[in-house]
Amino acid sequence: MPDAPVLLVVDDHPQGRDLIEGELRKRYGGDYQVIRAGSADNPLGQLARLRDGRRLVAMVLAGEGTAGTAGTELLARVGEFHQTARRLLLTDGGFGPPSEPILRAIALGHIDAYAARPVTVPDERFHLAVTELLEEWARSHRPRFEVVRVVGEEWSARSHEIRDLMDRNSVPFGFYPASTDEGQALLQQAGAGAALPVIILFDGRALVNPANTEIAEALGLKTRPGGGLYDVAVIGAGPAGLAAAVYGASEGLSTVLLEPEAIGGQAGTSSHIRNYLGFPMGVSGEDLAVRAYTQAWNFGAEYVYGSPATGLRVQGRERVVTVAGGSEVRSRAVIIATGVSYRRLGIPSLDALIGVGVFYGAATSEAKAMRDQEVFVVGGANSAGQAAVHLARYAARVTVLVRGRSLAEGMSEYLVKEISGTPNIAVRHNVAVTDGGGVGRLERLTLRDRLTGVSQTVPASAVFVLIGAEPRTQWLPDAIARDQWGFVITGSDLPGGGPRPENWPLGRPPMFLESSLPGVFAAGDVRRGSIKRVASAVGEGSIAIRLVHDYLQDSDSSSRM
Ligand SMILES: Cc1cc2nc3c(=O)[nH]c(=O)nc-3n(C[C@H](O)[C@H](O)[C@H](O)COP(=O)(O)OP(=O)(O)OC[C@H]3O[C@@H](n4cnc5c(N)ncnc54)[C@H](O)[C@@H]3O)c2cc1C
């Protein structure tokens, strides 16, 4: 198999290495070339030779205790030679928690996973770890059936938008720049004229510069709600909305889920969610979203893609959601799960490193891994201050980057004092992040002094971006109370508080998660006081369904009276 992608095994444990090599050859020998080495064979040199010979390395498996270089150190350098190779650290197993170097390697993105060396033949747990990583690798390196082929200008905004939507919605696609021979051949085959982009479907149909809803319809997705009355309409298919759809449909409620962009919401944009229960090595937001979406679908939830909700009104006992494009959804109860848009830096080189050194939010689970590292926090509000103080317990130095002249403009005094009293926190004012990069992980940031215009590139292991988030609630009517930032107020937090908030029309108090409009609930990040985590959004989505049951029961019994 001289040209097959390589699985490189580096281990100094002679018996272990034989066993690993044997297991890999047996299972993957038909499709991959297995190469083995010890640290005496200069594995970095081997990686360089494979690179120079234009060989594709799919995975490097390195033993934890590899002499010369520790496995973690070797794997940390794989990206210098083969940027997309997956990296699996092999340990001796045991029941204790992973060692600190392993924890640090995970958090800094130096390894993709760790697994115990195989002990039995076959060792299915070992193979599971290998197969999962190979499946991830193969998605972008092995030929796949392209459900959609997109021909467009490489640098046009619409081409980018379509690629992004395909990616976030897990549609297997290929992009062909119109300037290439392949792109031109596809355009000719499809009989398309000069207008771009062109979407060519697996069955040969061609759509010229289509709207998102046209693409969705062509792929068989529903883009308009059915005409009947639903028990519950869930607005937004992030973690909160997906959980509500799964629980609603599984508990017998007729459930419709509206989503204008992509399943998974913000979580779907995260390359690596490490703190969601049940995924010890983390899970990609895309995987989590696709699993949840399939689950909701299997239970019978109806998914309507492509247009945002634009309004909500009460019509007798019904709640009517208006949707862009003119359609309406009639429902007995509504769950608002439209989340927030985290303000992004909007720097593509940094967005490409989200989860491997670039973190949106406090990402407190990463703090321990920042031991002795050079860390940056962007933002001048309390959340940024708290993150800086927490990170300073571990990092060699934390630099807070503030656009304004002083921290006191946006941060509580106690935090400003705490920061100035912490020796390893520095604050830089009037500064903006303009660029950054690294091989496989963040290594540097470019900062511009906003007063002098002078730019400087500094080494950085991690940057935590906390520059605010905006709830997506502009479409809601005034009848739904919101706080000054636009978050939906629910339950006992409603203005007037207590059992009878202002303008509350019912004899009973509003339920937890119920908005100021009875029968309309809010779940996840869009709700005032929410925790802004995947798990809490999922929790609130499922609790909201329990409350919808209570609400429907209540309204059924009052209509019988
Ligand atoms: C880059 C990144 C990484 C993160 N990593 C982690 C992590 O590792 N761990 C963790 O716990 N949390 C993480 N978070 C936070 C977590 O993703 C959010 O707390 C979670 O996604 C909130 O879920 P949600 O369903 O409430 O809202 P969202 O995820 O914001 O989903 C809301 C959905 O509503 C849709 N929508 C908006 N307006 C409308 C409308 N008018 N009509 C219909 N639909 C609409 C949106 O398109 C979106 O799909 C991360 C966030 C980001 C941005």
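For ligands, and for the atoms within them, numbers begin at 1 and follow the listed sequence.
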Inter-residue atom distance Ser254.OG - Leu229.CG, 0.5 Å rounding: 7.0 Å
[X] atom [atom1], over 12 foreign heavy atoms within 6.0 Å:
X: Arg546; atom1: CZ; answer: yes
X: Arg224; atom1: CZ; answer: no
X: Tyr230; atom1: OH; answer: yes

Interfacing atoms of ligand 1 (cut-off 4.0 Å, heavy-atom, [X]):
X: Pro308; answer: 40 (C), 41 (N), 42 (N)
X: Ala337; answer: 32 (C), 33 (C), 34 (O)
X: Gly265; answer: 29 (O), 31 (O), 48 (C), 49 (O)
X: Ala262; answer: 49 (O)
X: Val340; answer: 30 (O)
X: Gly524; answer: 26 (O)
X: Ile235; answer: 42 (N), 43 (C)

Any N/O of Val526 closer than 3.5 Å to an N/O of ligand 1? no
Can you tell which part of [X] has a heavy atom less than 4.0 Å from ligand 1: side chain, backbone, both or neither?
X: Arg472; value: side chain
X: Ala537; value: side chain
X: Arg344; value: side chain
X: Thr310; value: neither

Given 3.5 Å as the limit, does a donor-acceptor pair link the side chain of Thr322 with the main chain of Gly311, or not? yes
Do any N or O atoms from the side chain of Arg450 and from the backbone of Arg448 form a donor-acceptor pair under 3.5 angstrom? no
Does the protein put a heavy atom less than 4.0 Å from atom 31 (O) of ligand 1? yes
From the options [options], select the one whose nearest heavy atom is closest to [atom].
atom: atom 41 (N) of ligand 1; options: Ala309, Ser341, Ala522, Gly541; result: Ala309
atom: atom 23 (O) of ligand 1; options: Ala243, Pro239, Ser307; result: Pro239
atom: atom 7 (C) of ligand 1; options: Asp525, Ile531, Val538, Asn275; result: Asn275
atom: atom 48 (C) of ligand 1; options: Arg533, Glu259, Arg527, Arg168; result: Glu259
atom: atom 29 (O) of ligand 1; options: Gln266, Lys532, Glu540; result: Gln266

Compare all side-chain heavy atoms of Val232 with those of Arg332 and state whether any distance is below 4.5 angstrom. no
Is there a side-chain contact between Leu242 and Leu257 (heavy atoms, below 4.5 Å)? yes
What orientation do [X] and [Y] show, parallel under 30°, tilted 30 to 60°, or perpendicular over 60°?
X: His390; Y: Tyr394; value: perpendicular
X: Phe464; Y: Phe359; value: parallel
X: Tyr276; Y: Phe279; value: parallel

Looking at Arg86 and Glu132, is there a salt bridge between them, counting it only when a charged N and a carboxylate O are closer than 4.0 Å? no
I'd like to know if Glu261 pairs up with Arg472 as an ion pair, taking the criterion as any Lys NZ or Arg NE/NH1/NH2 lying under 4.0 Å from an Asp or Glu carboxylate oxygen. yes
Starting from [atom], locate the nearest protein heavy atom and write down its residue, its atom name and how far away it is, to 0.1 Å.
atom: atom 39 (C) of ligand 1; result: Thr338 CG2, 3.4 Å
atom: atom 5 (N) of ligand 1; result: Ser270 OG, 3.8 Å
atom: atom 44 (N) of ligand 1; result: Pro260 CD, 3.0 Å
atom: atom 27 (O) of ligand 1; result: Gly339 CA, 3.3 Å
atom: atom 25 (O) of ligand 1; result: Ala240 N, 2.9 Å
atom: atom 14 (N) of ligand 1; result: Val534 CG2, 4.7 Å

For the residue pair Asp351 and Tyr360, confirm or rule out a side-chain donor-acceptor distance under 3.5 Å. yes
